[in-house]
Amino acid sequence: MRTKMVFTIGGSIKPVTRAFSSISIHKLTDHVVEMRMEKAPVNSFDSDMLKEFASSVKRLENDTNVKGLVLTSAFPRVFSAGLDLKELTAPSEENFKRFWRAVQHAWKSYYLSPLVTVAAINGSSPAMGAILALSSDYRLMGKSDKARFGLNETSLGMIPPPWLMALTAQVIGTRQAELHLLMGTLCLPHEAKAVGYVDGVCEPDELLATAIAWCDKACAIPRQARGALKIEQRKQIASLCDESSVSFMSNCVLGTEFQSTLARVLEGLKKKK
Ligand code: CO8
């Protein structure tokens with residue numbers, strides 16, 4: 001257990017003791033907070049991180065002073081490496097389904113949040129990392145010749161669930177979604193901008209300030225109208241993310257193609273050392 005200082009928007013500081021802690025909240029402006037992912041080394045999402053992510057969003061929604069959040073990473077080269085690959089390695093069906101329900105819950109909490117959400121992508125952001133960015137109201141990526149952004153699920157042997165196919169098509173258009181999901185493309189920042197994955201690319205030292213400025217502007221739109229519009233635009237895609245999607249993913253992830261591809265991916269990550 002470690003104690004962590006959590007800053008609330010009202011300026012008060014609450015010490016919170018948790019068994020795990022992968023996310024911290026920092027006040028940025030009167031109505032905007034930074035939600036910083038800080039699970040070393042690469043912000044991979046295991047069950048605990050998923051739970052903490054969803055509960056952090058909920059806590060911010062319950063704070064009447066907070067209107068918007070900027071999602072960031074504490075690590076300079078990685079925004080998020082996506083789901084924790086260890087959670088996907090030969091799980092029992094029961095454990096996998098429990099994990100996937102947590103994935104879906106965390107995603108829906110963020111995708112349907114009435115808060116203004118902006119992703120400030122300061123490094124590589126494959127798979128679930130990209131999904132969180134695509135689920136934000138606005139996304140900005142820092143210039144880099146090393147960072148990659150994209151949906152590489154198929155190259156891992158994972159079939160993107162129907163709600164992810166729909167989300168991708170909604171953001172980048174049907175034809176581009178077909179191409180990039182099929183190829184599992186990982187894009188450099190300027191390529192991600194050209195595809196429409198991100199709304200803007202800026203110098204790394206301007207990333208946070210640019211994200212805050214956009215978030216502040218969106219927070220000035222009347223809250224009820226803004227929130228209702230967002231739900232209307234998103235509820236159909238969110239409705240695809242249900243128990244049938246859990247079974248769909250269970251068939252894929254427990255299958256031999258995914259498990260043998262994953263073993264090669266893990267081997268490749270080890271060999272990098
Ligand atoms: N899970 C667990 N551990 C990971 C992951 C991961 N996703 N990614 C990296 N690591 C580990 C590495 O094994 C390494 O561990 P160790 O230090 O013990 O050897 C450590 O993190 C550091 O990794 P790197 O040395 O590779 O760090 P780099 O900064 O050089 O590179 C990258 C960072 C680019 C993120 C790179 O690690 C990478 O490409 N990782 C794999 C990313 C990936 O393919 N993720 C897919 C996850 S599956 C997923 O998210 C599917 C979502 C789909 C569905 C939608 C539902 C919501």
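Order of appearance sets the numbers: ligands from 1, and atoms from 1 within every ligand.
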Would E94 and K97 pass as an ion pair if we require N to O under 4.0 Å?
-> no

For atom 29 (O) of ligand 1, which protein heavy atom lies nearest, and how many Å away is it?
-> R77 NH2, 3.0 Å

Which atoms from ligand 1 have a heavy atom of V78 less than 4.0 Å away?
-> 29 (O), 33 (C)

Under 3.5 Å, is there a donor-acceptor pair linking the side chains of S124 and K146?
-> no

Per-residue contact class, V265 against ligand 1 - non-hydrogen pairs under 4.0 Å | neither

Purely on distance, is any nitrogen or oxygen of E153 under 3.5 Å from one on ligand 1?
-> no

Polar side chain donor-acceptor pair, R59 to N62, under 3.5 angstrom | no

Should V42 and M158 be regarded as members of a common hydrophobic cluster, given that ILVMFWY residues are connected when their side-chain heavy atoms come within less than 4.5 Å of each other, either directly or indirectly?
-> no

Considering only heavy atoms, does L269 approach ligand 1 within less than 4.0 Å through its side chain, its backbone, both, or neither?
-> side chain

Using the six-membered ring wherever Trp is involved, compare the ring planes of W214 and Y138 and label them parallel, tilted or perpendicular (cut-offs 30° and 60°).
-> parallel

Which ligand 1 atoms, with their elements, are less than 4.0 angstrom from a heavy-atom of N152?
-> 43 (C), 44 (O)

How does Q104 reach ligand 1, by side chain, by backbone, by both or by neither, if only non-hydrogen atoms under 4.0 Å count?
-> neither

So which protein heavy atom does atom 17 (O) of ligand 1 come closest to, and at what separation?
-> K273 NZ, 3.2 Å

In plain terms, say whether D137 and K230 are close enough for a salt bridge, that is, a side-chain N and a carboxylate O under 4.0 Å apart.
-> yes

Any W163 heavy atom less than 4.0 Å from ligand 1 | yes

Any atoms of ligand 1 less than 4.0 Å from a non-hydrogen atom of M158? List them with their elements.
-> 51 (C), 53 (C)

Starting from atom 24 (P) of ligand 1, find the nearest protein heavy-atom neighbour and note its residue, name and distance.
-> K272 NZ, 3.6 Å

Which of the listed options, A81, A127, S125, holds the heavy atom that is closest to atom 45 (N) of ligand 1?
-> A81

Quick one: look up the protein heavy atom nearest atom 1 (N) of ligand 1 and list residue, atom name and how far away it is.
-> L85 N, 2.9 Å

Within a distance under 4.0 Å of any heavy atom of G82, pick out the atoms of ligand 1 and give their elements.
-> 50 (O)

Number the atoms of ligand 1 from 1 as they appear, then name those within less than 4.0 Å of a heavy atom of V103, with their elements.
-> 56 (C), 57 (C)

Shortest protein heavy-atom distance from atom 10 (N) of ligand 1, along with the residue and atom involved | V42 CG2, 3.7 Å

Do S24 and H26 have side-chain atoms, one donor and one acceptor, less than 3.5 Å apart?
-> yes

Report the nearest protein non-hydrogen atom to atom 2 (C) of ligand 1: residue, atom name, distance rounded to 0.1 Å.
-> D84 OD1, 3.3 Å

With a 4.0 Å cut-off, would you call E243 and R101 a salt bridge?
-> yes

Side chains of Y111 and T117: donor-acceptor distance under 3.5 Å anywhere?
-> no

Give a yes or no on whether atom 51 (C) of ligand 1 lies under 4.0 Å from any heavy atom of the protein.
-> yes

Establish, from distance only, whether the side-chain atoms of S250 and W100 form a donor-acceptor pair under 3.5 Å.
-> no

More than 12 non-hydrogen atoms from neighbouring residues, nucleotides or ligands closer than 6.0 Å to CD on E93, yes or no?
-> no

Atom indices of ligand 1, in the order listed, that fall short of 4.0 Å to a heavy atom of M128 | 49 (C), 50 (O), 52 (C), 57 (C)

Within a distance under 4.0 Å of any heavy atom of I131, pick out the atoms of ligand 1 and give their elements.
-> 53 (C), 54 (C), 55 (C)

Can you tell me the protein heavy atom closest to atom 3 (N) of ligand 1 and the distance?
-> K86 NZ, 4.0 Å

Counting N and O atoms only, with roles assigned by atom type, does the side chain of S125 sit under 3.5 Å from a partner on the main chain of I121, one being a donor and the other an acceptor?
-> no

Of L156, L50, L83, which has the heavy atom at the shortest distance from atom 46 (C) of ligand 1?
-> L156

Atoms of ligand 1, numbered as shown, that sit under 4.0 Å from any heavy atom of W100 = 54 (C), 55 (C), 56 (C)

Cut-off 3.5 Å, side chains only: do E87 and S47 have a donor facing an acceptor?
-> yes

Please check if any side-chain donor atom of E61 sits under 3.5 Å from a side-chain acceptor atom of S113, or the reverse.
-> yes

Of all protein heavy atoms, the one nearest atom 20 (C) of ligand 1 is P41 CG, 3.6 Å

